[in-house]
Amino acid sequence: MLSYKEFLAAGGEAKWQKKWLNTKIDRADDFGAKPKKYILDMFPYPSGAGLHVGHPEGYTATDIYSRYLRLKGFNVLHPMGWDAFGLPAENYAIKTGTHPRLTTEQNIATFKRQIQSLGFSYDWDREVDTTDPKYYKWTQWIFLQLFKKGLAYEATVPINFCPSCKTGLANEEVKNGKCDRCGTAVERRDMRQWMLKITAYADRLLKGVDQLDWPQSIKILQKNWIGRSEGAEVDFKIAGSDKKITVYTTRPDTLFGATYMVLAPEHQLAQELKGQISNFAEVEAYIDSAKNKSDLERTELNKDKTGMELKGIKAINPVNNAEIPIWISDYVLASYGTGAIMAVPAHDDRDFEFAKKFDLPIIEVIVPERIDKRNPPVDGKEKVERKNVQVVVRNPRTGKILVLHSKKYNWNTFPMGGMSEGEEPLAAAKREVLEETGYKHLANGKILGGQVRAEYFANHKGVNRVSYTNLIQFDLVDEEQAEIAEEEKEAQNEILWLEPEKLTVDFMVHAEMDIWLERIKKGDIAYTDVNNGLMVNSEFLNGLAPAEAISKMTAWLEEKGYGRKAVNYKLRDWVFSRQRYWGEPIPLVHCKKCGTVTLDEKDLPLTLPEVEKYEPTGTGESPLATIDEWVNTTCPNCGGPAKRETNTMPQWAGSSWYWLRYIDPHNDTAIAAAEKMKYWLPVDLYLGGAEHAVLHLLYARFWNMVLFDIGVVPQEEPFAKLVNQGLILGEDGEKMSKSRGNVVNPDDILKEYGADTFRLYEMFMGPLEDMKPWSTKNILGVHRFLNKAWDIGRQTLSKEEKSEVEVILDKTVKKVGEDIETMSYNTAISAMMILFNEIPDAKAVSREQWEKILIILSPFAPHLAEELWEKLGHTDSIFKESWPQYDPEKIIDAEKEIPVQVNGKIRAKLILPTDATEEAVKTAALADKNVKKYLIGEPKKIIFIKGKLISIVT
RNA sequence: GCCCAAGUGGUGAAAUGGUAUACACGACAGACUUAAAAUCUGUUGGUCGCAAGGCCGUGAGAGUUCGAGUCUCUCCUUGGGCACCA
């Protein structure tokens, strides 16, 4: 028999691949009697670069799982296909004039050859290709259903436009203000678009997430993207007008602190009231400049807020009838909520920044609250309120901060004291510093944030104090000190100058210290915490916690007719049209008489016409618009002249339902037969990269829900379980990229080591979900392992049962099976390596044992296992076998090494029977000479865990 | 700024609260060989010790526990996502 190297060189793997393909051994059996499993890979975009080492990582993982499930007696659907519409083929067409269909065909051929050379057990009879008219007929059909349900609509909206790809983009395709595909900064443009009303499904998409067996991080990503928030709408009247401004807020509790309004530049009120706005020319100029700003300028370069007051008009705060100014600013988004806000600078960071810049009033309506843990208030004692200041004195020359250490009370404080009636906080602070420290010259006085309420028991007075404290900051001008005031001497204060990092919550006695630390670090900031504090300056809300105030205020607004409960989502409707050639044509016509009319379903597919130039026009029209004979058609409704819709669908369309087509890929009367979908759905395992967390996975769920609603699919959620494979990095630990030159081509590895080694290596690298670097050196380890397996397989096996192998073999069968179920392939492989390390040669295993070994190895290294299986004289495939059983009794070792801990440290390891009793282990442990050495006196407590350890505490 | 995940030998990485570093790579030493490759055997966290054995050790610090890589809190670092969403 050949050596492993010779087997590989002779194309032994290809031989089996061909055989598996020809015998259709991996065919999924519709309505099969065995229990079904649907194991799905995210299908690839067949790029010109060919397969990347990242692709086979996921494919190998699902392949092992699928092969295992078949051995376990399941009827497995495991298909593969091509997500082949998309920009690269089209951009290549623009450059070279090659038809994208041609490029796509070639790329698919390459991908298919590469994927098949890895020995994956796909049912190739079910291959799909999104660019095949027989496939996109049904993509177009789904679009028509969306249109008929009112979920597809046309709108001229400001969208993200990529000037390089010359097409509009969905929000999901914009990353940091740049095009996700090409990295060009996107522009905002008003364009006629087809939109899909995914927002109508926001709540269901959100609620459905909880039921899914998906990675927690992906679920959170989807939830955040949908971004549901609860709050209230509030109507503000405009003084001297019948117009009003409706705002959305999540913080109706802070309504008494609303000191101005802000409208988005696109808000129509400015236009409606332009007659009353005295500075309208200026306002209009501001609106124009905001319109021309790209998203990048609006967000990333937002260091400074801009805005313009609408002079001559005022809004009326419904809670207190206060007249407040109305501003316009691009920090308010037209596309969220109502496009207008009430600004509460004391309790919102953005409003605070804006108010500081334009010198608008700030009213605090919530005071943070702290209870002194070291000195908590005592029940039944009198409560005495007082106003305090605490003072941070910084020495700007050393950066140090002044702290008083009281020898009498043994605590550290800032200079502090009560404010007298009518005294300003800054003046009080200066006075306290002088009295307590003698420092005379302070400068740059600043109040850091609002008051903080603290409760504590004042021991020396026998009362509960409730203090309202402001933190004041000063710079020390010079060291000149006056005599310390007589009444302060009693505390025996020592003046310390300390590094700021020394001042911690534990070091200082103040209950407010955590808040002070944040303010010292960040300066004057808004208090935005909704979970702590008491309402003040808010009439009927005073004394409530913010959460209570929210419901009370909302009820009040509803009662008075000034507002109502409201819910908002960050999710926007899906911009569904692209101004490109290589996509599904949208099956609609525009008729002067009938408006927008759908094509008849019998006229689908609407195929892509041939075109001379693939270049987008860049004017909001796709290249299809230039083909008159295609564009000009007749209306299916009235028969009169009509024009075809020239936008195409985004790449996400074809991938939003492809898993349904695998179920019945050649059906030309439905996307798939209903009974077949009922049999196969849902997808039991879906595996792919995390980069699709909010794009494909959200769109796919949306389409599936719509198809569910119209009775086409049997389940609301398509993918029961989702697993993300981690990225494979280059050998240098960086992302693989052509420009870095660290890309590994699977073909090279296959040529040198074979498919089984490649599969095994990728699974042995580490946990499937982790990001991990490629290391060509490490391939040798798994290759040696397979070599060893091969060598044993070449030799003559033992004629008799070998009991010493039996125990470890059964352990391995158990471990490998369990690890496959959790997709912990790295440890499954390691378990098999351990097994082989116990087998010096073929004489150590019987035929029966060797067959077991080959079967558990077969999902990982199918070619090698199949070849060695055949060598045993079998004429049928190893993959028709069953997963081996193991005897749970047998895998328990008779003896175990039991560690002995004395006071938590291991002092001895005893070899004892696994089922030794506590008494026996104790006796043995106490007799050990090293244990004796560390036993001082009688053991106080002994913890015994059978078969695990004994721990002695003295 | 907010949300999520992760920090363990020279490297990829193991470890239901119970013997930290399994398995593999690399390195070192040896066997086979004229030699090299391949293969096989042994050693391989740091440190002290002739040895028995001791001490230290899972990003840092605290806590819970007889016992913490694992649980809790604070912090640091890296990666990913979101980012004026009121």
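Protein chains get the first letters and strands the later ones, always in sequence-line order, with residue 1 at the start of each.
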Check: B:G80 C1' sits how many Å from A:Gln725 CD, rounded?
Finding: 15 Å
Note to self: Using OP1 and OP2 only, check whether a side-chain N or O of A:Asn930 sits under 4.0 Å from B:G54.
What the structure shows: yes
Notebook entry, point to check: So does A:Arg564 pair up with A:Asp235, basic N to acidic O under 4.0 Å?
Noted result: yes
Note to self: My understanding is that a pair needs two contacts under 3.5 Å, Watson-Crick or G-U wobble. By that rule, which nucleotide pairs with B:U64?
What the structure shows: none
Item checked: Any-strand Watson-Crick or G-U partner of B:C55, both distances under 3.5 Å -> B:G46
Note to self: Checking contacts here: which listed nucleotide (B:A86, B:G79, B:C23) is nearest the side-chain heavy atoms of A:Ser229?
What the structure shows: B:A86
Next item on the list: Could you tell me whether A:Lys244 atom NZ has more than 12 heavy atoms of other residues or ligands within 6.0 Å of it?
Entry: no
Checklist line | Any A:Ser830 side-chain nitrogen or oxygen under 4.0 Å from OP1 or OP2 of B:A13 | finding: no
Notebook entry, point to check: Touch check for A:Ile834, heavy atoms < 4.0 angstrom, all strands: base, sugar-phosphate only, or nothing?
Noted result: sugar-phosphate
Notebook entry, point to check: A:Lys929 has a side chain; which of B:A52, B:C84, B:C66 sits nearest to it?
Noted result: B:A52
Margin query: Within a 6.0 Å radius of atom NZ on A:Lys788, are there more than 12 heavy atoms belonging to other residues, nucleotides or ligands?
Written below: yes
Item checked: Nucleotide nearest A:Lys570 when distance is taken to its side chain, options B:A14, B:G79, B:C82 -> B:C82
Note to self: Strictly distance-based, threshold 3.5 Å: is any side-chain N or O of A:Thr338 a donor or acceptor partner for the main-chain N or O of A:Thr246?
What the structure shows: yes
Check: Which value, in whole Å, describes the distance between the C1' atoms of nucleotides B:G57 and B:G69?
Finding: 11 Å
Margin query: Once hydrogens and angles are ignored, does a donor-acceptor distance under 3.5 Å link the base of B:C84 to the side chain of A:Lys305?
Written below: yes
Notebook entry, point to check: Which label fits B:G81, syn or anti, where anti is any glycosidic angle not within 90° of 0?
Noted result: anti
Note to self: Just to be sure I understand the rule, does A:Ser329 reach a base, reach only the sugar-phosphate, or reach nothing, if contact means heavy atoms closer than 4.0 Å?
What the structure shows: nothing
Notebook entry, point to check: Just by distance, with hydrogens left out, do A:Tyr569 and A:Thr199 show a side-chain donor and acceptor under 3.5 Å apart?
Noted result: no
Check: Which value, in whole Å, describes the distance between the C1' atoms of nucleotides B:C23 and B:A14?
Finding: 7 Å
Checklist line | Euclidean distance for C1', B:U8 against B:A22 (whole angstrom) | finding: 13 Å
Next item on the list: Could you check whether A:Met342 gets within reach of a base, just the sugar-phosphate, or nothing at all, counting any heavy atom under 4.0 Å?
Entry: nothing
Next item on the list: Tell me which nucleotide among B:U19, B:G53, B:A13 gets nearest to the side chain of A:Pro773.
Entry: B:A13
Item checked: Contact under 4.0 Å: A:Arg784 side-chain N or O vs B:U39 OP1/OP2 -> yes
Notebook entry, point to check: For B:C55, does either OP1 or OP2 sit under 4.0 Å from a side-chain N or O belonging to A:Arg907?
Noted result: yes
Notebook entry, point to check: In whole Å, what is the span from the CG atom of A:Asn837 to the C1' atom of B:C40?
Noted result: 13 Å
Next item on the list: Specify the separation, in whole Å, of atom CG of A:Asn903 and atom C1' of B:G18.
Entry: 16 Å
Note to self: Under a plain distance cut-off of 3.5 Å, with no hydrogens placed, do A:Thr827 and A:Asp819 share a side-chain donor-acceptor pair?
What the structure shows: yes
Note to self: Could you tell me how far B:C75 sits from B:C25 if I compare only their C1' atoms? Round to whole Å.
What the structure shows: 35 Å
Check: In whole Å, what is the span from the NZ atom of A:Lys788 to the P atom of B:A38?
Finding: 18 Å
Checklist line | P spacing across the pair B:A60 / B:G9, given as an integer number of angstrom | finding: 10 Å
Note to self: On RNA chain B, does the nearest nucleotide to A:Pro899 precede the nearest nucleotide to A:Thr250 from the 5' side, or the other way round? Give the residue.
What the structure shows: A:Pro899
Notebook entry, point to check: Which part of the nucleic acid, if any, lies within contact of A:Ser951, taking any heavy atom under 4.0 Å across all strands shown: a base, the sugar-phosphate backbone alone, or nothing?
Noted result: base
Check: Under 4.0 angstrom, heavy atoms only, what part of the nucleic acid is A:Lys905 near: base, sugar-phosphate, or nothing?
Finding: sugar-phosphate
Checklist line | Check: B:U16 base within 3.5 Å donor-acceptor of A:Lys948 side chain | finding: yes
Notebook entry, point to check: With both distances kept under 3.5 Å, what pairs with B:U70, Watson-Crick or G-U wobble?
Noted result: none
Notebook entry, point to check: In whole angstrom, what separates A:Asn787's CG from B:A37's C1'?
Noted result: 14 Å
Checklist line | Whole angstrom value for the distance that separates P of B:G12 from CD of A:Glu769 | finding: 18 Å
Next item on the list: For A:Lys772, report the nucleic acid contact type (base, sugar-phosphate, nothing); a contact means any heavy atom under 4.0 Å.
Entry: sugar-phosphate
Next item on the list: Assign A:Ile906 to base, sugar-phosphate, or nothing according to its heavy-atom contacts below 4.0 angstrom with the strands shown.
Entry: sugar-phosphate
Next item on the list: Send over the distance from A:Ile945 CD1 to B:U65 C1', rounded to a whole Å.
Entry: 12 Å
Margin query: Does A:Lys357 have more than 12 heavy atoms from other residues, nucleotides or ligands lying within 6.0 Å of its NZ?
Written below: yes
Notebook entry, point to check: Any side-chain N or O of A:Lys941 under 4.0 Å from OP1/OP2 of B:C66?
Noted result: yes
Notebook entry, point to check: Can you check whether A:Tyr331 has a side-chain N or O nearer than 4.0 Å to OP1 or OP2 of B:A86?
Noted result: no
Next item on the list: Indicate the atoms forming the closest heavy-atom contact of A:Val816 with A:Ala828, along with that distance.
Entry: CG2-O, 3.7 Å
Next item on the list: Select base, sugar-phosphate, or nothing to describe what A:Leu949 touches, counting heavy atoms under 4.0 Å on all strands.
Entry: base
Check: Expressed in whole Å, how much space separates the P atoms belonging to B:A24 and B:G1?
Finding: 45 Å
Notebook entry, point to check: Does the side chain of A:Asn826 get closer than 4.0 angstrom to OP1 or OP2 of B:A14 through an N or O atom?
Noted result: yes
Checklist line | Most 5' of A:Tyr248 and A:Ser217 on RNA chain B, judged by nearest nucleotide | finding: A:Ser217
Note to self: Of the options B:A13, B:C82, B:A86, whose atoms approach the side-chain atoms of A:Trp225 most closely?
What the structure shows: B:C82
Item checked: Complementary nucleotide of B:C40, counting Watson-Crick and G-U pairs under 3.5 Å -> B:G30
Next item on the list: Could you measure between the two P atoms, the one in B:U72 and the one in B:G79, and give it in whole Å?
Entry: 25 Å
Margin query: Students often get this wrong, so: under 4.0 angstrom with heavy atoms, is A:Ile220 touching a base, only sugar-phosphate, or nothing?
Written below: sugar-phosphate
Notebook entry, point to check: Would you say A:Tyr934 reaches B:G54's phosphate, i.e. side-chain N/O to OP1/OP2 under 4.0 Å?
Noted result: yes
Checklist line | Length of the CD-P vector between A:Glu6 and B:A38, whole Å | finding: 18 Å
Notebook entry, point to check: Under a 3.5 Å cut-off for both distances, is B:C2 Watson-Crick or wobble paired, and to whom?
Noted result: B:G81
Notebook entry, point to check: Where do A:Leu8 and A:Tyr753 come nearest, in terms of heavy atoms and distance?
Noted result: CD1-O, 3.3 Å
Notebook entry, point to check: Using a distance-only test with no angle check, is there a side-chain donor-acceptor pair under 3.5 angstrom linking A:Ser229 and A:Asn568?
Noted result: no
Next item on the list: Please state the C1' separation for the pair B:G59 and B:C50 - nearest whole angstrom.
Entry: 38 Å
Item checked: Base-pairing mate for B:G7 - Watson-Crick or G-U, with both contacts under 3.5 Å -> B:C76
Notebook entry, point to check: Among B:G18, B:A86, B:A14, which nucleotide sits nearest the side chain of A:Gln901?
Noted result: B:G18
Next item on the list: Using only side-chain N and O atoms of A:Lys909, determine if any of them is under 4.0 Å from OP1 or OP2 of B:G53.
Entry: no
